[in-house]
Structure formats: C-alpha cells, structure tokens
Number of protein chains: 2
Amino acid sequence: MALEHAILVSLLEKPGSGYELARRFERSIGYFWTATHQQIYRVLKRMENDGWVESRDVPQQGRPDKKEYSVADLGRAALSSWLHDPIEPESVRHDLAVKIRGAAFDDPAALIREVERHRHAHGDRLAHYLAGEERDFTEPEAGPAAPEAALDAERELQHVVLRGGIAYERMMISWLDDVLATLARFGPGH
Amino acid sequence: MALEHAILVSLLEKPGSGYELARRFERSIGYFWTATHQQIYRVLKRMENDGWVESRDVPQQGRPDKKEYSVADLGRAALSSWLHDPIEPESVRHDLAVKIRGAAFDDPAALIREVERHRHAHGDRLAHYLAGEERDFTEPEAGPAAPEAALDAERELQHVVLRGGIAYERMMISWLDDVLATLARFGPGH
DNA sequence: TCGTGCTATGCAACTCGTTGCATAGCAAGT
DNA sequence: ACTTGCTATGCAACGAGTTGCATAGCACGA
C-alpha cells in the first residue's frame, strides 16, 4: 500500500498537519493519489507509533492548535526501501468503461449525457493542470548560474508527474469524444 | 461499487461460472476492471441471494461440475438503474507517480530500471490489445446487408472500450519515455 | 444572536479487496 | 509412481477505504 509512502513524500516536500495533508491530497497529490482525512489521521497515528514520523504541537492564533508532522529517520529509511522495491503496474478500474459496455443491453443514447459530463470534468482538470504548470514551471527568464541540484531534482520530478497528469487528461478527452461519436450512431437513427 | 455491475455486463454478454468469470477478468474485462476469484465467488453468492442472477449446475466430462450463472430480471433492472445513475469521474492512483516524486529524496537514477520495467509491461499490453483488435474488430470484407442492430451495438461498444485501452497504453508509454529522459538528467552527470 | 462555514481532530461501523490456505478430480509428463 | 498443473469452489483473517457522526474554537454576515 502506498498511502504511507505518499504521506512520507508529501511531508518531505513540506512538514504539515493531518489537516494540511488532507488539503494537499485534494490538490497536487490528489492528481495521482486520493485519501480522505480519516484515512490520513489513522495512518499518521500508526506511522507515529512505528517511529516513521514525529509530531510537535503548534499553537496558532485564531485557530485550533495543530499537530505538525515531519519525517523521522525510520520513515526516510522506509521510503527508501519502498522505492527500491519493484511494484506491479497498476490495475486499472474504470466504472465508465463498464457502463459503456453495459449500454449495449440498455439504451446507448441514455449514456450520452453522462459521458459529456465526464468529458467536461476532464476538460476542467486539464485546464487546472495547465494553469498549475504555467504558474509553477515556467522559467523565470534565465536563472543565473546553477541553482541547488537537490531542489532542481524535486522540481523537475514534480513537473514530469504533472506532465503525466496532463497527458492523461488529454488522452481521456479525445477518447471520450470517440465514445460520444460511437454512441451517437446508436441514437435517433436506430 | 461496480464489481457487481461488471459481472452483470459480463454475464449478459455470455453466461458462465465463477471460474470462467475470473478468467474473463484476467482478459478483456480486466482491461478496465480487476477482480480475484474470491471476490467474484463472494459477490456472485450475494447476487444470487438478492435475485440478481440465477444458477444451474452443469455436469462436465473430465472436469468438476460448474455452476453456470445467468442474469435474472432483477439483475437486468439493477444494471439499468445503475446505468442511469451518474457517477463521479474516477480518482486515479498511481504508485509509480508517488515513487517518482519520492525519488527526489533518494537516488533518482535507482528508479530507472523500475520505470523501464513498467514501460515494457505497457508495451506488452499495447501489443496484446492491438492483436485483439486485429482479431476481433477487423471487418471480414463486406458484411452482406444489415446485421442485427443489437449485436452491432455490443461489438461497437466493446471496440470503443478497447480503443480506450489502446489510447491509455500509448499515453503511458510516451509518458514513461519522458520520465526516463528526465531521470537520466540526474544520473551520472550529477 | 443565530446560523453558516472553516480549521482541526477523531471514533465507530461498515464494505471492499487481498492473501493464504484447503479441497478435489482429472490430465499429462517424467 | 510422482509431481506438476489446470478446472472448480470455497473459508478465514486481515488490511484498505468509505460514510456518518461528534467535538470544539473561532470568524463573519444577516
């Protein structure tokens, strides 16, 4: 399971509370991994018991205190060993594909709206990713000399993951257009 | 949850036993939904209790008997109502993306082999899908007059789902090449 | 002041999904 | 004769993930 490892990566990029992690999982990390706050709190507790992360209470003004977590040595080691462990290429699960094949036994035209909704959702995500790329990954016109190599790697790797999200959304959009064209052939004409 | 519905679709396409379903989930259905035989047996039992499917014992020669399931009226209705229910665009989960971002805090070059493995796995799947398309969806040179419309829809919808799988694999392959190029920049040079 | 909404954390109950194991008959190779 | 492997079904235990609910402080507007 990778939720623990996703949390480790996120905390290495920047320490934070369970709540903040949940926010991040709705944004940038959520592009390739989702989690609810309950999952995160539960896993954080286990990780703290296992010595993977450490927490300190941070008082805040105008807000409840928070527990800020950061990665401990054991956590870093756990991440490293996971990184070196091969994993199987993911098994895909697309409800929508099940629906499309199922439509043959119902009314294919009735799916058109649903597919259009998905198409728009993916269009929105694509726009969102592209805006993020524009904001975070356009060169500020000639960085002088060599910046820190470590930061460079972090940025570059975040960027290539984002490009993956962009490629995924573009693929989905053009496939959904293909699906719509196919469904249209079984509409009024039949 | 869509496992029940995926099973309904598969049984509508062709009745079969739990074992046969498990096979299909390793093949064509597995392109967009995975399930182990234990899950399938458990869910089939529940579906039979709920009256969604019916079974009959089929004796076989040279093999253990099997229970062949087929879809009952209630199951057809359940599928139909699910098809009309909107679903949320899927939440993605890519272990590999987590690893790639995590590599910034370890040795990026160590991931190269892993990414190459995935690249090859996706290449294999693509070849497999293309062979299936060639086999099942190339026109046998002019079908005379109009074939059955219902069968037409089933085939066309299966085909568009397969095209989705093909597009997905192509996208992954080109993205993984991008990832490899990016990782290479943090290799020997650094 | 009352409701709405955000930050912040958590429990309990449930369903979903995976892993390991067990059984049993038959086929085919060594 | 022995092992390996395929069809065929299933249990038990566990871990992952979801949903509903609870608490609590503070901000902000009607």
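The analysis underlying the following values was restricted to heavy atoms, covering all of them including side chains, and did not include hydrogens, waters or symmetry mates. The chains referred to below are lettered A, B, ... by the order of the sequence lines, with proteins before strands, and numbering in each begins at 1.
- Other residues, nucleotides and ligands contribute only 12 or fewer heavy atoms inside 6.0 Å of the CG atom of A:Asp73.
- If you measure from atom CZ of B:Arg46 to atom P of C:dG17, you get 9 Å, rounded to the nearest angstrom.
- Using a cutoff of 4.0 Å between basic side-chain nitrogens and carboxylate oxygens, A:Glu26 and A:Arg23 are scored as salt-bridged.
- For the residue pair B:Ser55 / B:Glu48, a side-chain donor-acceptor distance below 3.5 Å is found, with atom types taken as modelled.
- Distance alone, capped at 3.5 Å, is enough to place a donor-acceptor pair between the A:Arg93 side chain and the B:Thr34 backbone.
- Residue A:Arg42 places no side-chain N or O under 4.0 Å from the OP1 or OP2 atom of C:dC11.
- Across C:dG10, D:dT19, D:dT9, the shortest atom-to-atom separation from the side chain of A:Thr36 is found for D:dT19.
- Rounded to whole angstrom, the span from the CZ atom of A:Phe25 across to the P atom of D:dG17 amounts to 11 Å.
- The side-chain hydrogen bond (donor to acceptor under 3.5 Å, both in side chains) with A:His122 is formed by just one residue from the set A:Glu169, A:Arg117, A:Arg170; it is A:Glu169.
- Rounded to whole Å, atom P of D:dG17 lies 6 Å from atom CH2 of A:Trp33.
- Counting to the nearest Å, the P atom of D:dA8 and the CZ atom of B:Arg23 are 9 Å from each other.
- Between A:Arg76 and A:Trp52, the closest side-chain pair of non-hydrogen atoms is not below 4.5 Å.
- In this model, the phosphate group of C:dT7 is approached by a side-chain N or O of A:Tyr19 to a distance below 4.0 Å at OP1 or OP2.
- Residue B:His84 places its NE2 atom among more than 12 non-hydrogen atoms of other residues, nucleotides or ligands, all under 6.0 Å distant.
- The phosphate of C:dT18 (OP1 or OP2) has a side-chain N or O of B:Gln39 nearer than 4.0 angstrom.
- Rounded to an integer number of Å, the gap from A:Arg93 CZ to D:dT18 P is 12 Å.
- Fit an axis to the five pairs at each end of the helix from C:dT1-D:dA30 to C:dT30-D:dA1 and the two axes sit 20° apart, to the nearest 10 degrees.
- Summarising the geometry, the separation between OH on A:Tyr41 and P on C:dT9 is reported as 4 Å, rounded to the nearest angstrom.
- Ranked by how close their nearest DNA chain D nucleotide is to the 5' end, A:Ala35 and B:Ser17 are led by B:Ser17.
- Residue-to-nucleotide contacts include a donor-acceptor pair under 3.5 Å from the side chain of B:Gln38 to the base of D:dG10.
- Across the protein-nucleic acid pair, A:Glu68 atom CD and C:dA8 atom P stand 11 Å apart, rounded to whole Å.
- If you measure from atom NZ of B:Lys66 to atom C1' of D:dC6, you get 15 Å, rounded to the nearest angstrom.
- Between A:Lys45 and C:dC11 there is a side-chain N or O to OP1 or OP2 distance below 4.0 Å.
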